[in-house]
Amino acid sequence: MTQMPSPPPEELVKQWESEQKRLRQEVLEEDTEDWQRSPDFAGLERVGGVDLSFIKGDEVNACAQLVVLSYPDLKVLYEDSRMVTLTAPYVSGFLAFRETPFLLEALQRLETSQPTLVPQVVFVDGNGLFHYREFGVACHLGVLSGLPCVGVAKNLLQVQGVLKDEEHQSQIAALQKGGDSFPLTAASGKVLGKALRSCDKSSKPVYVSVGHRISLDAAVRLTHLCCRYRVPEPIRQADVRSREYLRIHFPAPDT
DNA sequence: GCGACAG
DNA sequence: ATCTTGTCGC
């Protein structure tokens, strides 16, 4: 039997909206670290990536993953996989309330056990300021953790007047090589993020936006430098390893 | 009624 | 998010 998605309680959504409006005030949209100002990011040694993977028909059980890679080598220095039980449902625009608590716990475990391995910036699967209320999951994790964060979404969210129309498609077609990008501009005129051709091989862009404590230009440049494939290596490793964890500990039901 | 809908 | 094989290319 297929369970229809239950409508999210509107009271909860209102509470979530005010929470986002409150925390939004804490976001820093500029570079706050010396390495971010350096042309080659000198001083940057550790980049983090987080993600959650789910079991096929299970809405509440998931594997929360944190990885820390060396920079610029992009070798895995630390890995943490943890089964968690989600409580909040997925509602577009409120992803953070579903995932952030467990990502924060992973960062706190690292801070406690191996503080010298805490990443200097964290790549988050999802948007940052490129969001209905300019407070996506990358901002949420950034503000609550205090760490610089970058949001990288694989799909375009149509927000604040940004549309995926024929014009958008033509802008994508104009991205010639890895590193090329174009701005995602809100109706207000503010640039909320950038569509980035992350590497030469992928014609489909990723959508980069500021999470916390980093400028958009630095976020886009760093994202490009962290891409071996379309998805930045920190996020890709978190995704690969969390799915591997599920494959080993929760094998698919035998027919 | 139709389309949109990060993960 | 997850469901899914092969196929084309280096």
Side-chain angles (χ1 to χ4, degrees), chain A residues 1-8 13 16-17 20 49-66 81 83-104 106 122-142 149-166 168 184 186 192-196 198-211 219 223 228-232 234-236 238-247 250-253 255:
Chain A
M1 289 296 247
T2 58
Q3 179 61 47
M4 293 292 286
S6 54
V13 168
W16 282 351
E17 282 186 344
Q20 290 180 329
V50 292
D51 191 29
L52 259 64
S53 286
F54 298 78
I55 301 176
K56 54 178 179 182
D58 198 323
E59 272 292 286
V60 301
N61 296 300
C63 177
Q65 185 79 35
L66 165 64
S81 308
M83 286 308 296
V84 298
T85 301
L86 306 193
T87 56
Y90 169 67
V91 181
S92 181
F94 303 94
L95 175 64
F97 293 95
R98 178 168 167 79
E99 304 192 343
T100 292
F102 310 100
L103 302 179
L104 252 182
V122 179
F123 282 89
V124 183
D125 204 347
N127 296 301
L129 291 177
F130 187 60
H131 177 272
Y132 304 103
R133 290 164 293 281
E134 296 184 20
F135 197 72
V137 63
C139 297
H140 208 119
L141 184 63
C149 286
V150 175
V152 181
K154 296 181 292 295
N155 295 292
L156 179 70
L157 188 59
Q158 298 194 149
V159 301
Q160 299 193 33
V162 177
L163 303 173
K164 58 178 172 197
D165 51 15
E166 49 290 316
H168 181 74
L184 301 170
L192 298 179
K194 286 191 176 183
L196 168 74
S198 56
C199 64
D200 292 332
K201 291 194 60 175
S202 75
S203 57
K204 182 176 180 178
V206 293
Y207 300 93
V208 180
S209 59
V210 170
T223 297
R228 283 216 223 286
Y229 304 101
R230 178 181 175 238
V231 174
I235 291 176
R236 200 180 75 84
D239 179 78
V240 166
R241 289 162 190 258
S242 57
R243 287 201 293 201
E244 171 73 352
Y245 183 94
L246 291 181
R247 186 180 70 73
F250 300 88
T255 60

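Below, read A as the first sequence line, B as the second, and so on, with proteins coming before strands; counting in each chain starts at 1.
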B:dG7, OP1 or OP2 - any side-chain N/O from A:Asn155 closer than 4.0 Å? yes
Could you tell me the separation between the CZ atom of A:Phe97 and the C1' atom of C:dA1, rounded to a whole number of Å? 19 Å
Check the angle between the aromatic planes of A:Phe94 and A:Trp16 and answer parallel, tilted or perpendicular using the 30° and 60° thresholds. tilted
Please report, rounded to the nearest Å, how far the C1' atom of C:dC10 is from the CG atom of A:Asp200. 14 Å
Could you tell me whether the phosphate oxygens of C:dC10, OP1 or OP2, come under 4.0 Å of any side-chain nitrogen or oxygen in A:Lys201? no
I need the minimum non-hydrogen distance between A:Tyr245 and A:Ser81, along with the two atoms involved. CD1-CB, 3.5 Å
Over 60° means perpendicular and under 30° means parallel, so tell me whether A:His140 and A:Phe135 are parallel, tilted or perpendicular. tilted
Atom CG of A:Asp165 and atom C1' of B:dG3: how far apart are they, to the nearest Å? 14 Å
Should A:Glu244 and A:Arg247 count as an ion pair when the cut-off is N to O under 4.0 Å? yes
Rounded off to whole Å, could you give me the CD1-to-P distance for the A:Ile235 and B:dA6 pair? 16 Å
Which whole-number value in Å describes the distance from A:Asp125 CG to B:dG7 C1'? 7 Å
Looking only at side-chain atoms of A:Glu99, point me to the closest of C:dT2, B:dG7, B:dA6. B:dG7
If you compare every side-chain N and O of A:Lys154 against the phosphate oxygens of B:dG7 (OP1, OP2), does one of them come in below 4.0 Å? yes
For a quick test of reading the model: is some side-chain N or O of A:Arg243 closer than 4.0 Å to OP1 or OP2 of C:dA1? no
The reported gap from CG in A:Asn61 to CG in A:Leu52 (rounded to nearest 0.5 angstrom) is 11.5 Å
In residues 86-95 of chain A, what residues come within less than 4.0 Å of DNA chain B, judged by heavy atoms? A:Tyr90, A:Ser92, A:Gly93, A:Phe94, A:Leu95
Residues A:Ala64 and A:Phe102: closest non-hydrogen pair is CB-CB, 4.1 Å
If I take atom CZ in residue A:Arg133 and atom C1' in nucleotide B:dA6, what distance separates them, rounded to the nearest angstrom? 12 Å
Only one of A:Val124, A:Val50, A:Val150, A:Asp125 clears side-chain contact (heavy atoms from CB on, under 4.5 Å) with A:Ile235; which? A:Asp125
What's the CD-P distance between A:Gln65 and C:dA1, to the nearest Å? 15 Å
Base, sugar-phosphate, or nothing for A:Leu156, non-hydrogen atoms under 4.0 angstrom? sugar-phosphate
From CG of A:Leu52 over to P of B:dG7, roughly how many Å is that when rounded to an integer? 13 Å
Between B:dG7, C:dT2, B:dC5, which nucleotide gets closest to the side-chain atoms of A:Lys164? B:dC5
